[in-house]
Peer 1: 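Structure below; questions to follow.
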Amino acid sequence: MTTGEQFSQAGELVCPAGTPAALRTAVDAGADSVYCGFRNATNARNFPGLNFTPEELEASVAYAHARGAKVLLALNTYPPAGHEALWRDAAEVAARVGVDACIVADMGVARHIATTHPDLRLHLSVQAAASSPEAIRYYCENFGVKRVVLPRILTIPEIRAIKQEIPCEIETFIFGNHGLMVEGRCSLTNWMTGESTNMDGVCSPAAKVTYEEDANGALRSCLGGFTIDSFAKGETAGYPTICKGRYTAPHRPEGYYAFEEPVSLNLSRLLPDLMAAGVHAFKIEGRQRSKSYVRKVVGAFREAVDTVRAGAEPDLADLIALTEGQKETQGAFQTKKWR
Amino acid sequence: MELTLGPLAYHWTPEKRRDFYARIADEAPVSTVYLGEVICSKRAPFFERELPQVIDRLERAGKRVVLSSLAEVMLKRERQATSDLMDSEGPEVEVNNAAGLMARGGRAHRIGPFLNAYSVATIDWMAGQGATHVCLPPEMPGAAVGVAAEAARDLGLGVEVQAFGRAPLAVSARCYHARAHGRTKDNCQFVCEEDSDGMPLATRDEQPILRVNGIQTQSESYIELLAELPVMRDMGITHARLLPQDVDMVAVARIFDDVMQGRSSVEEGRSRLGELCVGTGFSNGFWYGEAGYRHIARRADAA
């Protein structure tokens with residue numbers, strides 16, 4: 001199959017930008033492309049203090065383009081009936097300011113852009129949860145999608161096999177938060193807080209987080225009034241993300257990480273294998289992260305990708321210090337036992 | 001508005017399943033029964049053995065049967081199962097993954113709740129691709145459901161909303177039943193069979209909160225939209241879905257039918273439901289656009 005029009009060189013480094021300053025930092029640190037979103041429900045990182053106004057996006061696109069970098073706009077939430085105008089307006093701005101692609105999940109949004117802005121390139125968000133060649137082809141054939149962001153659930157041989165059967169580029173996550181639930185199919189946050197990941201772009205929102213200390217100095221981290229984890233005195237308290245909390249089951253009265261421990265995904269050692277499997281673009285997660293984090297991670301991966309391209313072994317020892325709880329995993333990518 | 005019985009999410013023994021559907025066939029006031037393994041492809045062979053007999057039993061009792069497809073499609077056997085189901089000439093199919101839409105290729109089908117039909121534009125697209133009926137995502141607030149239902153009606157689609165049962169909150173590639181028992185998905189030994197209504201998870205201060213069902217995470221409490229039934233009917237919702245839980249589902253269906261037909265008040269229905277589901281709470285927060293776990297008294301301004 002053909003791979004569609006070439007958008008960039010293979011090994012594209014796709015970097016996060018929660019703010020215009022982070023975008024400039026990422027571009028300066030060597031990002032090939034930067035992804036960001038508007039300051040509203042149209043993207044899956046709708047956090048206070050983050051994201052872009054239309055004016056900021058326009059200026060950021062100009063900054064990136066002047067330095068040879070691309071800007072990808074995440075429009076990857078699901079508009080609830082009656083509220084579609086917000087997503088249509090976002091697509092309008094994206095087309096006007098000249099973003100290089102929109103990252104979409106909802107079929108209605110994809111169809112709207114494909115028909116109204118046919119020159120605007122579409123990438124399929126991980127929020128669409130397309131994890132088989134058939135699902136990916138559905139979006140390619142119906143909406144002209146040129147790239148799929150694969151869920152973090154596939155081994156490298158599985159990715160290689162998918163590549164043989166789809167007519168588009170593949171983007172995979174290589175570093176950052178390790179999502180556990182199938183993206184775009186998770187209502188845990190809405191169940192506990194009334195804010196929806198799919199419709200509002202919110203996951204375990206900070207405004208609903210509280211920490212409570214008891215008389216013995218033990219700390220509980222809570223979300224929407226529910227205790228997501230508890231920590232002995234002196235133990236480092238983690239952020240109460242629902243799928244990384246500790247719970248009890250009838251045969252696990254001591255409490256355990258029912259879904260996943262707080263670890264980060266770090267696939268730096270697998271870069272050569274991923275490139276050989278046909279992965280076109282590598283995505284660094286973390287639009288909520290600081291400029292200094294973005295500078296360090298993007299810089300390290302820029303060097304690594306260039307080293308791999310030159311046929312040498314990359315040195316990535318520093319990246320472990322930036323992982324969550326200083327613990328890292330290669331998740332599903334290396335072994336099926338992870339499942 | 002008619003009642004339907006959604007697909008069974010749990011790994012019940014063949015005997016239990018056979019008896020369950022026999023009673024549903026004979027006694028439950030539901031018009032449509034959805035069958036098939038939606039959660040875990042490893043369990044599917046157990047169900048498939050029973051399927052022809054169960055379909056026959058239900059159809060002879062006058063029920064419409066719909067076969068639901070897997071929510072998560074990744075492995076070869078999952079792709080094959082989805083493709084085989086979409087090619088079958090038997091009962092109607094409900095599609096729960098875009099892989100199924102691809103395989104169905106424009107032939108008539110229903111849209112399942114895992115396919116994220118939130119917006120009018122999406123429902124319009126799906127109708128143009130052969131959808132005849134759409135089950136809306138359970139987290140959609142009533143106000144948006146009303147707008148979606150109107151669009152669906154204009155397009156000639158049936159539209160369905162979950163009115164009873166644990167909220168399906170998440171699916172994953174990883175099996176949390178296996179993980180809880182120190183196993184992996186490939187070596188699970190079907191330990192999920194031990195929990196016929198899901199495995200309870202509680203917070204460390206002992207508040208029951210979630211249920212694990214293999215790769216799926218569900219709510220601890222049951223969604224219960226008895227008070228909202230008249231509003232749902234006025235919106236043009238054609239079907240209210242009851243999800244099978246390990247309680248007397250014939251009695252549950254009768255309670256919903258009695259309230260719908262005006263033979264019981266909402267208060268009476270709730271009281272009977274509470275007696276049937278001892279130890280389990282009820283929720284309707286999603287409908288009111290609030291935290292899903294909440295149970296909110298009927299409000300005139302809702303939807």
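Just so it is clear: chains get the letters A, B, ... in the order the sequence lines come, proteins before strands, and each one is counted from 1. In what follows, every heavy atom counts, from backbone to side chain, and hydrogens, waters and symmetry copies are set aside. None of the values given here were measured: they were computed from a predicted structure.
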Peer 1: Which bit of B/N187 comes within less than 4.5 Å of chain A, counting heavy atoms only: side chain, backbone, both or neither?
Peer 2: neither
Peer 1: Name the orientation class of the two ring planes belonging to B/H181 and B/H177 (parallel below 30°, tilted from 30 to 60°, perpendicular beyond 60°).
Peer 2: parallel
Peer 1: Is a side-chain donor-acceptor pair under 3.5 Å present for A/D106 with A/Y78?
Peer 2: no
Peer 1: Does any heavy atom of chain A fall under 4.5 Å from the side chain of B/N97, the backbone, both, or neither of them?
Peer 2: side chain
Peer 1: Any sub-3.5 Å donor-acceptor pair from A/T197's side-chain atoms to A/S187's backbone N or O?
Peer 2: no
Peer 1: For A/E183, is it the side chain, the backbone, both, or neither that has a heavy atom closer than 4.5 Å to a heavy atom of chain B?
Peer 2: neither
Peer 1: Quick one, A/V109 with A/R88, criterion side-chain contact (heavy atoms from CB on, under 4.5 Å). Give me CA distance, side-chain angles, the key distance, then yes/no.
Peer 2: CA-CA 7 Å; A/V109 171; A/R88 285 198 297 267; over 6 Å; no
Peer 1: Check step by step if side-chain contact (heavy atoms from CB on, under 4.5 Å) holds for B/V38 and B/F114.
Peer 2: CA-CA 10 Å; B/V38 172; B/F114 294 91; 3.6 Å; yes
Peer 1: Select one option (side chain, backbone, both, neither) describing which atoms of B/E139 are under 4.5 Å from chain A's heavy atoms.
Peer 2: both
Peer 1: What part of B/L210 lies closer than 4.5 angstrom to a heavy atom of chain A: side chain, backbone, both or neither?
Peer 2: side chain
Peer 1: Can you confirm whether the side chains of B/Y118 and B/T122 place a donor and an acceptor under 3.5 Å from each other?
Peer 2: no
Peer 1: With chain B as the partner, which of A/L154, A/L188, A/N190 has the greatest number of non-hydrogen pairs under 4.5 Å?
Peer 2: A/N190
Peer 1: Would you mind telling me which of A/F259, A/Y257, A/Y139 has the largest number of heavy-atom pairs within less than 4.5 Å of chain B?
Peer 2: A/F259
Peer 1: Decide if the gap between the ring center of A/F143 and the ring center of B/W125 is smaller than 6.0 angstrom.
Peer 2: yes
Peer 1: May I ask you to name which of B/D124, B/L136, B/T203 has the most heavy-atom pairs under 4.5 Å with chain A?
Peer 2: B/T203
Peer 1: Could you check which of A/A110, A/C243, A/P79, A/A105 has the highest count of heavy-atom pairs closer than 4.5 Å to chain B?
Peer 2: A/P79
Peer 1: Would you confirm whether A/E285, through its side chain, and A/N177, through its main-chain N or O, come within 3.5 Å as a donor-acceptor pair?
Peer 2: yes
Peer 1: Is it true that a side-chain atom of B/N284 and a backbone atom of B/W287 form a donor plus acceptor pair closer than 3.5 Å?
Peer 2: no
Peer 1: Do NZ/NE/NH1/NH2 and the carboxylate oxygens of A/R152 and A/E260 come within less than 4.0 Å?
Peer 2: no
Peer 1: Using non-hydrogen atoms only, which part of B/E150 is less than 4.5 Å away from chain A: side chain, backbone, both, or neither?
Peer 2: neither
Peer 1: I'd like to know which of B/V171, B/I215, B/V120 tops the heavy-atom pair count under 4.5 Å against chain A.
Peer 2: B/V171
Peer 1: Side chain, backbone, both or neither: which part of A/T227 has a heavy atom under 4.5 Å from chain B?
Peer 2: both
Peer 1: If you count heavy-atom pairs under 4.5 Å with chain B, which of A/R252, A/H251, A/M107, A/E84 comes out on top?
Peer 2: A/H251
Peer 1: What residue in B/C175, B/S219, B/A148 has the most heavy-atom pairs under 4.5 Å with chain A?
Peer 2: B/S219
Peer 1: Where on B/Q129 is there a heavy atom nearer than 4.5 Å to chain A: the side chain, the backbone, both, or neither?
Peer 2: side chain
Peer 1: So what's closer than 4.5 Å to chain A heavy atoms on B/M74: side chain, backbone, both or neither?
Peer 2: both
Peer 1: Could you tell me which portion of B/A180 (side chain, backbone, both or neither) has an atom closer than 4.5 angstrom to a non-hydrogen atom of chain A?
Peer 2: both
Peer 1: Heavy-atom pairs under 4.5 Å with chain A are the metric here; pick the option from B/A117, B/A98, B/A121, B/S119 that has the most.
Peer 2: B/S119
Peer 1: Non-hydrogen atoms of chain A under 4.5 Å away: do they reach the side chain of B/F286, the backbone, both or neither?
Peer 2: side chain
Peer 1: Tell me which of these, B/L169, B/V147, B/D205, has more heavy-atom pairs under 4.5 Å with chain A than the rest.
Peer 2: B/L169
Peer 1: Among the options A/P253, A/P80, A/S230, A/A249, pick out the one with the most heavy-atom pairs lying under 4.5 Å from chain B.
Peer 2: A/S230
Peer 1: Output yes when B/R204 and A/D229 qualify as a salt bridge under the 4.0 Å nitrogen-oxygen rule, no when they do not.
Peer 2: yes
Peer 1: Determine yes or no for a side-chain-to-main-chain donor-acceptor pair under 3.5 angstrom, with B/S83 supplying the side chain and B/R79 the backbone.
Peer 2: no
Peer 1: Considering only heavy atoms, give the residues of residues 124-132 of chain A separated from chain B by less than 4.5 Å, sorted numerically, with 'none' for an empty result.
Peer 2: A/S131, A/S132
Peer 1: Check the surroundings of atom CD in B/Q189: do more than 12 heavy atoms from other residues, nucleotides or ligands lie under 6.0 Å from it?
Peer 2: yes
Peer 1: Pick from B/N116, B/I123, B/V73: which one has the most heavy-atom pairs with chain A under 4.5 Å?
Peer 2: B/N116
Peer 1: Between B/F164 and B/Y222, how do the two ring planes meet: parallel, tilted or perpendicular, split at 30° and 60°?
Peer 2: perpendicular
Peer 1: Rounded to the nearest 0.5 Å, what separates atom OG1 in B/T280 from atom CZ in B/R211?
Peer 2: 6.5 Å
Peer 1: Let me confirm one number: the CG-OG1 distance from B/L201 to A/T248, rounded to the nearest 0.5 Å.
Peer 2: 7.5 Å
Peer 1: Decide yes or no on salt bridge (charged side-chain N to carboxylate O under 4.0 Å, His left out) for B/R166 and B/D246, but give the supporting numbers first.
Peer 2: CA-CA 11 Å; B/R166 295 195 197 282; B/D246 195 10; over 6 Å; no
Peer 1: Side chain, backbone, both or neither: which part of A/R111 has an atom under 4.5 Å from a heavy atom of chain B?
Peer 2: side chain
Peer 1: Pick whichever of A/G224, A/G194, A/A81 has the most heavy-atom pairs under 4.5 Å with chain B.
Peer 2: A/A81
Peer 1: Do B/K42 and B/E37 pass the salt bridge (charged side-chain N to carboxylate O under 4.0 Å, His left out) test, and can you show the C-alpha distance, the side-chain angles, and the key distance before you say yes or no?
Peer 2: CA-CA 9 Å; B/K42 285 186 71 176; B/E37 178 57 56; over 6 Å; no
